[in-house]
Student: 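Have a look at this one.
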2 protein chains.
Amino acid sequence: MNVKTAIQKLKENGYKHTKQRERILSILAEQEQYFAAKDILKEIQADFPSVSYDTIYRNLYLMADVEILEATELDGEKHFRLGCGTHGHHHHFICTDCGKTKSIETCPMDELGEDLRGYQVENHKFEIYGKCPACS
Amino acid sequence: MNVKTAIQKLKENGYKHTKQRERILSILAEQEQYFAAKDILKEIQADFPSVSYDTIYRNLYLMADVEILEATELDGEKHFRLGCGTHGHHHHFICTDCGKTKSIETCPMDELGEDLRGYQVENHKFEIYGKCPACS
DNA sequence: TTTTAAATAATAATGATTACGATTTACACA
DNA sequence: TGTGTAAATCGTAATCATTATTATTTAAAA
């Protein structure tokens with residue numbers, strides 16, 4: 001997903017176009033990777049020295065709600081990335097050095113079969129961690 | 001794994017048998033589920049009013065190190081459970097109501113094939129969340 | 001029993017996240 | 001193009017999980 005599409009999606013959901021939101025999105029668009037709130041704060045403060053964590057967190061969660069972003073928990077901190085958009089449900093390999101991600105198309109839920117008869121599945125998490133080709 | 005085996009394993013690794021450690025283990029042994037540090041603190045303080053978080057965390061991480069416990073991150077908090085012990089590598093279904101878990105024997109890494117050619121895999125996480133039969 | 005390193009207790013510090021009242025801003029509409 | 005208003009942001013403080021520190025206590029080896 002790109003910044004323009006994301007802003008469009010914000011408008012569709014009744015949210016305003018602010019320069020802070022656009023800047024947050026442009027930071028997320030720089031790399032296919034998960035960002036922590038503090039990473040985004042640090043970068044955005046070059047342009048908007050007065051943004052607070054409130055603004056960062058409020059918008060990250062908002063954009064995750066309307067499926068502009070994907071969220072996950074890494075090392076005890078929430079991380080966010082632009083949704084891949086082009087394809088549907090998928091998972092990620094995450095490089096523990098540079099943070100870049102690679103989409104994994106196979107989903108383990110497809111193979112589960114009878115393992116969970118009687119269980120009502122609501123959600124799942126599958127992530128692979130390691131070194132990408134550039135870092136290994 | 002049971003409490004006796006766990007204490008045995010602590011000794012094998014050169015760690016002492018303390019009543020706090022035994023009590024922590026007995027709490028973890030009550031249910032096949034992941035516990036947060038504060039859950040364990042709350043229960044243990046009935047017997048040992050003076051235990052501090054330091055003791056809880058130090059021992060949980062220690063016991064995870066020697067593979068007595070399994071650890072995972074749920075809702076932004078570290079959680080721990082007794083290792084299943086009986087079988088090797090596996091994953092869990094986790095009930096979002098009662099917290100009980102069910103082991104899943106299939107591991108998605110087996111099916112990955114060529115998806116990660118050139119990537120150096122170090123770790124992975126696969127968890128399924130939902131309602132167990134009793135809660136659904 | 002004595003000794004001593006390991007473990008615990010009590011408390012403070014840190015760091016991520018959330019909360020909140022005051023101020024500013026996007027934008028619908030005149 | 002102005003104006004009103006709800007939404008968004010700012011500045012700052014509070015909260016909560018986790019980690020650190022130092023003094024005291026304890027398990028267990030000799």
Side-chain angles (χ1 to χ4, degrees), chain A residues 3-4 6-27 34-66 68-69 71-80 99, chain B residues 3-4 6-27 34-66 68-69 71-80 99:
Chain A
V3 175
K4 220 179 91 190
I7 289 173
Q8 171 66 20
K9 206 162 184 174
L10 277 175
K11 289 200 169 166
E12 281 165 16
N13 285 274
Y15 298 112
K16 293 178 180 171
H17 174 187
T18 70
K19 41 193 177 0
Q20 291 90 338
R21 281 179 179 159
E22 180 163 352
R23 189 70 188 90
I24 289 172
L25 283 164
S26 78
I27 290 166
Y34 281 100
F35 293 82
K38 64 165 176 278
D39 302 329
I40 295 171
L41 183 73
K42 204 180 298 175
E43 265 212 63
I44 203 175
Q45 282 187 329
D47 295 329
F48 303 94
S50 59
V51 282
S52 69
Y53 267 118
D54 184 90
T55 298
I56 303 294
Y57 279 108
R58 185 167 22 78
N59 284 304
L60 290 175
Y61 280 110
L62 173 78
M63 295 194 270
D65 262 359
V66 300
I68 289 170
L69 306 185
T72 193
E73 187 110 15
L74 298 173
D75 302 319
E77 290 177 43
K78 276 262 159 46
H79 285 64
F80 299 84
Chain B
V3 176
K4 219 180 91 191
I7 289 172
Q8 170 65 20
K9 206 161 184 175
L10 277 176
K11 288 199 170 166
E12 281 166 17
N13 285 274
Y15 298 112
K16 293 178 180 172
H17 174 187
T18 70
K19 41 193 179 357
Q20 290 91 338
R21 281 179 179 156
E22 179 164 353
R23 189 70 188 90
I24 289 172
L25 283 164
S26 78
I27 291 166
Y34 281 100
F35 293 81
K38 63 164 176 278
D39 303 329
I40 295 171
L41 183 73
K42 204 181 298 175
E43 265 212 63
I44 204 175
Q45 282 187 328
D47 295 329
F48 304 93
S50 59
V51 282
S52 68
Y53 267 118
D54 184 273
T55 298
I56 303 294
Y57 279 108
R58 185 168 22 78
N59 284 305
L60 290 175
Y61 281 110
L62 173 79
M63 294 195 270
D65 262 1
V66 300
I68 289 170
L69 306 186
T72 193
E73 186 109 16
L74 298 173
D75 302 320
E77 290 176 43
K78 276 261 159 46
H79 284 65
F80 299 84

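Predicted model only: the values in this text are computed from it and were never measured. Chain A is the first sequence line, chain B the second, and so forth, proteins listed ahead of strands; every chain is numbered from 1. The figures here come from the full heavy-atom set of this structure, side chains too, leaving out hydrogens, waters and symmetry mates.
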Student: Grab the CG-C1' distance between A:Asn59 and D:dA7 for me, whole Å please.
Tutor: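 Between C1' of D:dA7 and CG of A:Asn59: 11 Å.
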
Student: With rounding to the nearest 0.5 angstrom, report the CD1 to CD distance, A:Ile27 to A:Glu22.
Tutor: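 Taking CD1 in A:Ile27 and CD in A:Glu22, the distance rounds to 11.5 Å.
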
Student: Can you tell me if B:Ser52 touches the phosphate of C:dT8, counting only side-chain N or O atoms and a distance under 4.0 Å to OP1 or OP2?
Tutor: no

Student: Send over the distance from B:Phe35 CZ to D:dA17 P, rounded to a whole Å.
Tutor: 17 Å

Student: Looking at B:Lys38, does any N or O in its side chain come under 4.0 Å of the phosphate oxygens OP1/OP2 on D:dC16?
Tutor: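 For B:Lys38, the contact criterion (side-chain N or O under 4.0 Å from OP1 or OP2 of D:dC16) is not met.
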
Student: Given C:dT8, D:dT9, D:dT19, which nucleotide is nearest the side-chain atoms of B:Tyr53?
Tutor: D:dT19

Student: Quick one: does B:Arg23's side chain get under 4.5 Å of B:Glu43's, heavy atoms only?
Tutor: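 Yes, their side chains come closer than 4.5 Å.
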
Student: Distance check needed: D:dA7 C1' versus A:Asp54 CG, whole Å only.
Tutor: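 Rounded to whole Å, this separation is 13 Å.
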
Student: Between D:dT18, D:dC10, C:dA7, which nucleotide gets closest to the side-chain atoms of B:Glu77?
Tutor: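 Between D:dT18, D:dC10, C:dA7, the one nearest the side chain of B:Glu77 would be D:dT18.
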
Student: Which one, D:dA17, D:dT9, C:dT17, comes nearest to the side chain of B:Tyr57?
Tutor: D:dA17

Student: Taking the side chain of B:Lys16 as heavy atoms from C-beta outward, which of C:dA16, D:dT9, C:dA5 is closest to it?
Tutor: C:dA5

Student: Is there a side-chain contact between A:Lys9 and A:Tyr15, using heavy atoms and a 4.5 Å cut-off?
Tutor: no

Student: OP1 or OP2 of D:dC10 sitting under 4.0 Å from any side-chain N/O of A:Gln20?
Tutor: yes

Student: From the options C:dT11, D:dT9, D:dT18, select the nucleotide whose nearest atom is closest to the side chain of A:Thr18.
Tutor: D:dT9

Student: Using heavy atoms to find the nearest nucleotide of DNA chain D for B:Glu73 and B:Lys11 separately, return the residue whose nucleotide is more 5′.
Tutor: B:Glu73

Student: With a 4.5 Å heavy-atom cut-off, do B:Leu25 and B:Met63 have their side chains touching?
Tutor: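 Side-chain contact under 4.5 Å: yes.
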
Student: Whole angstroms only, please: what is the CD-C1' distance between B:Glu22 and C:dA7?
Tutor: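 Distance check: B:Glu22 CD to C:dA7 C1' gives 16 Å.
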
Student: Consider side-chain contact (heavy atoms from CB on, under 4.5 Å). Of B:Ile7, B:Val3, B:Asn59, which one does B:Arg21 pass it with?
Tutor: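 With B:Arg21 as partner, side-chain contact (heavy atoms from CB on, under 4.5 Å) holds for just one option, B:Asn59.
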
Student: Can you tell me the distance, in whole Å, between the CZ atom of A:Phe48 and the C1' atom of C:dT24?
Tutor: 14 Å

Student: For A:Arg58 and C:dG21, what is the distance between atoms CZ and P respectively, to the nearest whole Å?
Tutor: 15 Å

Student: Report the distance from atom NE2 of B:His17 to atom P of D:dA28, rounded to the nearest whole Å.
Tutor: 7 Å

Student: Return no unless some side-chain N or O of A:Tyr61 is found under 4.0 Å from OP1 or OP2 of C:dT18.
Tutor: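 The answer is yes; a side-chain N or O of A:Tyr61 sits under 4.0 Å from OP1 or OP2.
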
Student: Could you give the CD1-to-P distance, from B:Ile7 to D:dA27, as a whole number of Å?
Tutor: 13 Å

Student: Consider the side chain of B:Arg21, meaning its heavy atoms from C-beta on, and name the nucleotide among C:dA7, D:dA27, C:dA16 that approaches it most closely.
Tutor: C:dA7

